[in-house]
Every structure is written in structure tokens, then in C-alpha cells.
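In what follows, every heavy atom counts, from backbone to side chain, and hydrogens, waters and symmetry copies are set aside. From a predicted model like this one, the values you see are computed outputs, not experimental measurements. Quick note on labels: first sequence line is chain A, next is B, and so on, each numbered from 1.
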Number of protein chains: 2
Amino acid sequence: MSATILVVEDEPGIQELLKLNLGQQGHSVLIAGDAEEAAHVLRGAMPDLILLDWMLPGQSGVDLARRIRADARLKDIPIIMLTARAEERDKVLGLETGADDYITKPFSPKELMARIKAVLRRRAPQMTEDAVEIAGLRLDPVSHRVYGRDQPLSLGPTEFRLLHFFMTHPERVYSRSQLLDQVWGDHVFVEERTVDVHIRRLRSALEPSGHDGLIQTVRGAGYRLSAN
Amino acid sequence: MSATILVVEDEPGIQELLKLNLGQQGHSVLIAGDAEEAAHVLRGAMPDLILLDWMLPGQSGVDLARRIRADARLKDIPIIMLTARAEERDKVLGLETGADDYITKPFSPKELMARIKAVLRRRAPQMTEDAVEIAGLRLDPVSHRVYGRDQPLSLGPTEFRLLHFFMTHPERVYSRSQLLDQVWGDHVFVEERTVDVHIRRLRSALEPSGHDGLIQTVRGAGYRLSAN
DNA sequence: CCGGCGTGTCACGAAAACGTCACGAAAACG
DNA sequence: CGTTTTCGTGACGTTTTCGTGACACGCCGG
């Protein structure tokens with residue numbers, strides 16, 4: 001798995017360190033020393049991942065992240081934040097601006113590489129317009145219909161999006177907050193327990209064809225759709 | 001096996017020698033000429049190993065080692081001391097300050113590389129999102145599932161985290177307090193004996209596939225997961 | 001205006017998980 | 001061989017987590 005990675009970092013030492021390690025993993029590396037340079041690079045290239053320092057000369061990393069998320073062409077590029085402080089507030093704020101992960105300095109290259117791998121892999125499955133079918137349950141995004149063993153099922157809008165997300169990401173556990181991000185939208189103010197209720201509603205909607213039970217509860221972790 | 005290594009050494013000749021040899025082994029090298037520079041580098045990066053000269057201009061290597069050991073984030077980085085004198089007292093003192101190994105100048109590059117390899121092998125691997133498999137026991141963090149010989153096993157949240165930690169750190173003994181730090185979290189107030197109970201629960205959860213016995217008791221030391 | 005419909009939140013109870021203790025067995029010690 | 005330490009285990013009370021029914025609110029078409 002090799003990718004093009006943009007590094008936005010002003011300290012030459014860290015620049016070198018990242019360039020070396022990323023190069024060793026077979027990734028192509030683009031370097032920018034500040035937000036302006038980064039913006040310039042992004043006009044010409046579209047990296048698969050952005051490593052973004054929290055503290056930058058001039059414009060801060062957070063602002064840059066916001067601008068990237070606001071850009072229609074760039075908004076889907078995963079961002080990993082590099083932060084000097086481990087303060088919880090910073091972490092949360094970083095994630096709220098759309099960063100996919102963060103790591104605090106000093107960091108071990110090993111850990112960073114693992115996160116990069118994880119983030120790149122996480123992006124793999126996408127919700128598309130294609131119909132999905134699992135265990136005799138078929139969902140068609142275009143006609144906005146769900147069939148359980150050729151029997152039409154009736155779902156509400158939220159239940160539909162929830163099921164669509166699960167069916168395009170099977171065999172994976174998602175926490176309530178992850179589901180809120182993915183199904184409700186990134187920055188909604190909704191109680192986490194609300195997910196429970198919609199899971200229940202989805203389950204009862206799937207019951208007529210016996211496809212409830214597809215959605216399993218994983219205690220202490222979240223929910224999962226599994227063919228078993 | 002490639003790692004990031006910080007070299008703290010003031011003689012340019014030795015610097016070059018180390019850089020060459022380490023680079024040939026596929027390691028990334030960070031260089032610092034004195035303790036101050038080293039501290040600066042450590043603010044941003046977290047190497048997998050530190051090669052530390054005993055004698056440094058200004059602050060001595062021993063002081064630096066002490067400071068590293070006192071830093072919560074850096075204290076687990078292995079340190080190898082480079083010393084000019086072969087006196088036993090110095091050796092002991094060096095080890096007492098937290099060095100994992102030492103080597104006396106002049107040294108043969110071959111010997112140094114051997115020691116580095118040994119120290120790095122001891123280093124604990126990381127927990128990632130990758131599935132782990134040992135002796136027919138498979139744990140997948142993504143789907144949050146555990147299979148023993150293709151038979152699904154049912155674990156509670158704590159048992160799952162405990163097993164995950166053990167499987168990513170096999171063949172190594174961990175004390176109860178270490179396990180509390182790693183699995184429960186750094187700052188929890190819990191009795192150490194609680195670990196015993198969870199070990200028992202984990203063992204019984206693994207029993208259906210005969211994978212209890214993977215977790216062994218080391219009297220007076222702690223617990224260990226071993227493939228035997 | 002009113003009556004579904006979709007939605008978010010709450011309260012309650014059941015079930016699971018958790019932490020702690022007491023007791024006895026096993027090992028280590030002298 | 002008796003004492004002491006360490007560990008396994010069953011039991012118990014408490015806390016956490018989850019499922020579920022109920023309700024209030026906004027929206028929209030009749």
C-alpha cells in the first residue's frame with residue numbers, strides 16, 4: 001500500500017524524520033513548511049493523506065484543516081494532526097475541525113505509521129449508488145428501497161441511512177459517536193443514546209423478513225452488522 | 001527490522017561512523033551533539049532507541065538519562081550508553097540510571113549492532129487495528145471478535161482488551177500494576193488483585209476452544225501469554 | 001385545524017460487567 | 001515440617017450498559 005502524503009510541518013528535524021520513515025514505507029512525500037506553501041501544493045496535487053502540524057508559523061494548522069474541509073475537491077482527504085500538547089481540549093477541537101486522527105509529540109514513528117495505515121484503510125469502503133446485498137437482504141440506494149427475501153420492507157429515512165452505512169461496512173464495530181458522525185453528520189448535537197433507539201427501530205423494521213439479528217450489539221463497543 | 005535511533009555524541013568522527021552503520025541496517029538516524037540538542041529533538045520525536053555518550057560537553061550523559069527516565073512519555077525508550085572507561089563502577093552507575101545496556105569505546109561496529117538488535121527485540125510491539133493470531137487463537141480488533149479454532153468465543157470488554165494486550169505482547173511477563181496501567185488506564189484506583197479475577201474470567205472464556213493455558217501465571221512476577 | 005409520521009429525549013428495568021472480599025489450595029521459605 | 005506468601009476461585013453487592021416503552025415536538029398533507 002503506497003500513497004502520496006503531504007507533510008505540513010515547520011521544524012526541519014521532524015520534516016526529515018517523517019520523510020525518511022514515510023519513504024521507507026514506500027510512500028511519496030510532499031513537504032510544506034507553512035499553511036501557505038501547503039495551499040500552493042494542494043493547488044497542483046491531491047495527496048491521499050495530509051499530516052498536519054497543529055502549530056504553524058502564520059496561519060495555524062486548525063485553520064488550514066478547516067479550509068481543506070471547506071474545499072469541495074479536498075474535503076475527503078484524511079487528515080492526521082500532529083500536536084505538541086496532549087490536552088484533551090486540543091484533541092477534541094482537532095477532531096471537530098475534521099481531523100481523522102491525531103498524535104501527540106513526541107511520537108514514535110512506529111505508532112505514526114500504524115495510524116497512517118489505519119486511516120488509509122478506513123477510507124477504503126465507500127457508500128456508493130450501487131445496490132448492496134447481504135444474507136438475502138437487498139438495499140437499493142437509487143430506488144430507495146429495501147427488500148428482505150423479495151419482500152419489500154418499510155424504513156424511515158434515518159433507518160435507511162443507518163442500514164445503508166452498515167451494509168457498506170459489514171463486519172465492523174462502530175461506536176455510537178462514530179455512527180452519529182457517519183450517519184447523522186459530523187457536527188450534530190444529538191445524544192448518543194439516540195442511536196440505540198434507531199437501532200431498535202431498524203431492527204423491528206427488519207423483523208418481518210427475519211433480518212433483525214443481522215445487527216448485533218457489542219457490549220462496551222457499539223454495534224455491528226454481521227452475516228451470521 | 002527498521003527503527004528510529006537518536007545518537008547523542010559530540011565527536012563528529014563517531015557520529016559519522018554510527019550514522020553510516022545504522023543507516024546500512026535500514027534505521028533512521030537522528031543526531032544530537034549535546035544534551036540540550038537531544039532534549040530539543042525529544043520534544044518533537046520519539047525514537048525507538050537512544051545511543052548516549054557517557055561524556056558530553058556541558059551536562060553529562062548520565063544526567064540526560066535520568067531526565068529521560070523521569071519523563072513519563074520517554075521513560076520506556078531503551079538507552080544504550082557509550083563509555084570510554086571500562087571501570088565496573090561506571091557500568092553499574094550507568095545501569096542504575098536506567099540504561100538498558102552499555103558499550104565501551106573503542107567498540108566494534110559489529111558488536112554495537114548486535115546489542116542494538118538485542119535491545120530492539122526486547123522492545124514491546126504496538127497494539128494496532130490489525131488482526132492477531134497465536135496458536136490458533138485469532139483476535140480481530142475491527143470486528144471486535146475472537147475465534148478459537150474457528151469457533152467464536154464470547155468475551156467481556158475488559159477481557160477483550162486484556163487478551164488484545166497479551167496477544168500483541170506475547171512471551172513477556174507483566175506485573176499486575178503494569179497490566180492495570182496498560183489495560184485499565186494510567187490513573188485508575190483499582191485493587192491489584194482485581195487483575196487476578198479478570199485473568200480467571202479470561203481463562204474461562206478461552207476454555208471452550210482449549211486456549212486457556214495460553215495465559216500462564218509467573219509466581220511473584222505476574223502473568224504471561226505464551227504459545228506453549 | 002388536525003392527525004399521521006419521523007424524530008430526539010427521557011425514565012425505568014433487566015442484564016451484563018465490574019470490583020472486592022473471604023476462604024482454601026499451592027508454592028516458597030526457613 | 002510448620003509458617004508465610006502468593007494465587008485461584010466462588011460469591012456478593014454495586015455500577016454500568018443496553019433494550020424498551022412512552023412522550024413531546026416539529027413537519028406536512030389532508
Closest listed nucleotide, where the reference is the side chain of A:Thr217 and the choices are C:dA17, D:dC7, D:dC18: D:dC18
Value rounded to 0.5 Å, distance of OG1 in A:Thr168 from NE2 in A:His164: 5.0 Å
Polar contact flag, side-chain donor to acceptor under 3.5 angstrom, B:Ser154-A:Arg219: no
Are any protein N/O atoms closer than 3.5 Å to N/O atoms in nucleotides 9-12 of chain C? If there are, list each pair with its distance.
from  : atom 1 : to       : atom 2 : distance (Å)
C:dT9 : OP2    : A:Glu191 : N      : 2.7
C:dT9 : OP2    : A:Thr194 : OG1    : 2.8

d(CG, B:Leu202; P, D:dG8) in whole Å: 12 Å
Integer-rounded Å distance: D:dC18 P and A:Ile215 CD1: 16 Å
Under 3.5 Å side-chain donor-acceptor pair for A:Ser226 and B:Arg145: yes
Any residue meeting side chain to side chain contact (heavy atoms under 4.5 Å, CB included) with B:Ala135, in chain and number order, not counting sequence neighbours: B:Leu214
OP1 or OP2 of D:dC7 under 4.0 Å from side-chain N/O of B:Arg176: yes
Interatomic distance where CD1 belongs to A:Ile199 and C1' belongs to D:dT17 [whole Å]: 15 Å
Side chain to side chain contact (heavy atoms under 4.5 Å, CB included) partners of B:Gln182, counting only residues at least two apart: B:Phe165
Salt bridge flag under 4.0 Å for residues B:Glu111 and B:Arg115: yes
Nearest-0.5 Å distance that lies between atom CG in A:Asp101 and atom CD1 in A:Ile116: 10.0 Å
Set of salt bridge (charged side-chain N to carboxylate O under 4.0 Å, His left out) partners for B:Arg176, sequence neighbours left out: B:Asp196
Nearest-Å distance for atom pair CZ/P, residues A:Arg200 and C:dT7: 14 Å
Residue-phosphate contact under 4.0 Å: A:Arg203 side-chain N/O, D:dG19 OP1/OP2: yes
Residue-phosphate contact under 4.0 Å: B:Tyr223 side-chain N/O, D:dG8 OP1/OP2: yes
Spacing between A:Leu179 atom CG and C:dG8 atom P, to the nearest angstrom: 13 Å
A:Thr158 side-chain N/O to C:dT7 phosphate OP1/OP2 under 4.0 Å: yes
Residue pairs involving residues 130-157 of chain A (criterion ring-ring contact (aromatic ring centres under 6.0 Å, His included); sequence neighbours excluded): A:His144-A:Phe160
Where DNA chain C forms stems, i.e. three or more consecutive Watson-Crick or G-U pairs with both distances under 3.5 Å: C:1-30 with D:1-30
Phosphate OP1/OP2 of C:dC18: any B:Trp184 side-chain N/O under 4.0 Å: no
Length of the CZ-P vector between B:Arg224 and D:dC7, whole Å: 13 Å
Nearest to side-chain heavy atoms of B:Pro157, which nucleotide of C:dA26, C:dA15, C:dC18: C:dC18
Value in whole Å for how far the P atom of C:dC18 lies from CG of B:Leu155: 11 Å
Main-chain N/O of B:Val183 paired with B:Arg161 side-chain donor or acceptor, under 3.5 Å: yes
Touch class at under 4.0 angstrom, heavy-atom based, for A:Phe160 against every strand present: nothing
